[in-house]
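Predicted, not measured: the structure shown is a model, and the values here were computed from it. Chain letters run A, B, ... following the sequence lines, proteins first, then strands; residues in each count from 1.
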Amino acid sequence: MSESTLNDDLDLSGLPLVDNPVMPYLRQERIPHIWCPGCGIGTTVNCFTRALEEAAKDLDKVAIVSGIGCTGRVAGYLNLDSFHTTHGRAIPFATGLKLANPDLSVVVYSGDGDLFAIGGNHFMHAARRNMDILVVCVNNFTYGMTGGQVAPTTPIGATQTTMPFGNFENPASLPFLADAAGATFVARWTVFHVRQLTRCFKEALGKKGFRFIEIMAPCPTLFLRRNRLGDGVDMVRQYKERSVLRNGADTKEVAVGMEGDIVVGTFVDRERPTWLDAMNSHFSSVLGDRYRTYGG
Amino acid sequence: MSDEAPVRKAKGTVFVQPEVCKGCSYCIEFCPTDCLEFGREFNAKGYHYPILGRPEDCTGCGLCGLYCPDFAIFGMRFKDLEAARAAAAATPPTR
């Protein structure tokens with residue numbers, strides 16, 4: 001990589017170089033990354049690392065787990081304890097990681113196809129059990145890495161490689177699904193809302209229970225190009241125009257289509273005992289002194 | 001009142017790593033003071049990268065760095081720059 005260059009005026013010679021604030025969190029030998037020009041995933045990574053910094057997390061106690069896909073590569077680029085699992089199995093792996101070492105702060109960072117199609121059942125059951133993990137879903141409405149097939153989030157009417165005459169399948173509304181399955185924290189932001197997203201990450205990192213954040217991101221190469229929606233920046237401009245902030249909105253009413261409002265904000269924030277807490281309190285009441293509590 | 005435009009003074013600046021830029025124009029589009037623009041130069045991959053076209057307008061808010069999906073640009077206030085330099089001098093370079 002070349003060195004940072006300051007634009008015009010200031011004289012840098014002899015001064016120590018200032019690093020991009022995100023650099024200490026990245027495996028720099030892997031940068032530049034392979035994401036397409038205009039892809040929003042890198043922006044979400046920026047926000048996530050900024051939130052880690054602001055939350056003053058001990059990075060030895062943060063683990064990041066990804067599945068397969070474009071977003072699945074995040075685990076490979078972040079300089080944390082990370083694991084790139086098989087397709088759809090990021091949540092089971094994260095569950096095991098959390099239960100084996102309850103001190104860890106476990107983050108699942110994956111895409112919509114990985115978390116909701118191939119791994120949809122795992123998402124539901126981890127939310128139902130209230131596993132203490134943070135699940136970040138970067139939703140680009142398509143399967144990016146495999147060539148633009150219809151994903152469970154593809155809006156009706158969108159053209160994809162497997163639906164050349166337009167999609168007719170009803171898409172899943174991810175916040176509604178997470179809410180119904182029992183997640184304790186459900187939020188949605190888009191790539192346009194970088195400050196809000198950073199704050200949301202920070203807030204979610206400080207909470208317990210199954211936390212879910214959906215981030216809408218443009219896929220310029222497949223979703224936008226096939227639907228003639230312009231470039232990545234055009235879609236982010238659309239997010240700016242179409243998004244409506246509605247904190248605490250009923251998750252039944254936050255579905256996203258090709259047009260119309262995109263409801264963003266924190267929809268659900270509630271307290272429920274996590275799986276470990278529930279197990280400890282249950283066995284303590286059933287077994288009494290014979291049971292030694294495990295983890296936090 | 002004088003007819004002259006008020007003299008603006010930059011409160012910060014941006015740093016660009018041209019070689020990792022992919023020319024997505026997020027930083028240019030969402031800069032709150034519109035001080036960035038595409039330069040005429042190409043990088044090795046053939047993308048135009050942003051330059052600070054109106055340095056006097058830059059507030060060093062760092063929003064360009066937060067938007068940049070390729071980690072190619074970041075902004076900083078002058079008042080934070082000295083501290084960052086001192087920190088950079090104290091720790092071994094990360095790349």
Side-chain angles (χ1 to χ4, degrees), chain A residues 1-10 12 14-29 31-51 77 79 191-198 217-218 220 231-237 239-240, chain B residues 10 12-30 35-37 39 43-45 47 49-56 58 61-76 78 80-95:
Chain A
M1 269 172 62
S2 63
E3 296 180 334
S4 290
T5 51
L6 184 70
N7 291 62
D8 29 26
D9 304 346
L10 294 185
L12 261 187
L15 290 170
L17 287 174
V18 181
D19 230 347
N20 191 330
V22 71
M23 280 303 159
Y25 296 88
L26 299 178
R27 294 172 200 252
Q28 288 159 34
E29 68 279 9
I31 306 295
H33 56 61
I34 67 156
W35 294 317
C36 307
C39 170
I41 299 172
T43 307
T44 70
V45 172
N46 266 329
C47 298
F48 181 66
T49 57
R50 224 52 74 90
Y77 292 128
N79 194 11
V191 162
F192 169 70
H193 301 90
V194 281
R195 294 261 188 237
Q196 294 91 326
L197 179 59
T198 307
D231 219 336
V233 72
D234 298 315
M235 195 64 198
V236 181
R237 208 181 293 128
Y239 291 155
K240 181 182 176 180
Chain B
T13 190
V14 298
F15 297 84
V16 182
Q17 287 172 333
E19 292 313 316
V20 289
C21 178
K22 290 178 188 155
C24 69
S25 78
Y26 278 21
C27 54
I28 296 170
E29 175 75 25
F30 299 112
C35 61
L36 293 165
E37 61 188 36
N43 66 11
K45 286 185 185 148
Y47 295 111
Y49 53 87
I51 58 162
L52 196 52
R54 283 171 294 284
E56 68 279 7
C58 184
C61 68
L63 207 62
C64 48
L66 211 47
Y67 272 110
C68 180
D70 293 277
F71 320 119
I73 188 171
F74 68 100
M76 202 172 265
F78 286 135
D80 299 333
L81 199 56
E82 288 312 309
R85 284 244 169 74
T91 51
T94 47
R95 75 172 162 264

*If you tally heavy-atom pairs under 4.5 Å against chain B, which of G40(A), P220(A), G232(A) wins?*
G232(A)
*Are any side-chain N or O atoms of Y26(B) and backbone N or O atoms of F192(A), one a donor and one an acceptor, separated by less than 3.5 Å?*
no
_I73(B) portion near chain A, given a 4.5 angstrom heavy-atom threshold_ = backbone
*asked:* Show the nearest heavy-atom pair for residues I34(A) and K22(B), with the distance to one decimal.
replied: C-NZ, 4.1 Å
*Which atoms of L26(A) come close to chain B, meaning under 4.5 Å heavy atom to heavy atom: side chain ones, backbone ones, both, or neither?*
side chain
*asked:* Minimum heavy-atom separation for N46(A) and C68(B), please, with both atom names.
replied: ND2-O, 2.7 Å
*Taking C-beta and beyond as the side chain, do Q17(B) and M23(A) meet within less than 4.5 Å on heavy atoms?*
yes
*Kindly give the heavy-atom pair with the smallest separation between C24(B) and G38(A), and that separation in Å.*
CB-N, 3.4 Å
*Measure distances from V22(A) to the heavy atoms of chain B and classify the residue's part below 4.5 Å as side chain, backbone, both or neither.*
side chain
*Walk me through it: do R50(A) and L66(B) pass the test side-chain contact (heavy atoms from CB on, under 4.5 Å)?*
CA-CA 8 Å; R50(A) 224 52 74 90; L66(B) 211 47; 3.7 Å; yes
_Looking at N20(A) and G65(B), would you say the former's side chain and the latter's main chain have a donor-acceptor pair under 3.5 Å?_
no
*asked:* So, taking the atom named CD1 in I31(A) and the one named CD in E19(B), what distance separates them when rounded to the nearest 0.5 Å?
replied: 14.5 Å
*Tell me, do V194(A) and F30(B) make a side-chain contact under 4.5 Å, heavy atoms counted?*
no
*What class does the angle between the rings of F71(B) and H33(A) fall in, given that below 30° is parallel, 30 to 60° is tilted and above 60° is perpendicular?*
perpendicular
*Would you mind checking which part of T44(A) comes under 4.5 Å of any heavy atom in chain B, side chain (CB onward), backbone (N, CA, C, O), both or neither?*
neither
*Shortest non-hydrogen separation from P69(B) to C39(A) and the atoms involved*: CB-O, 3.3 Å
*Evaluate the side-chain proximity of W35(A) to D70(B): yes if any heavy-atom separation is below 4.5 Å, no if none is.*
no
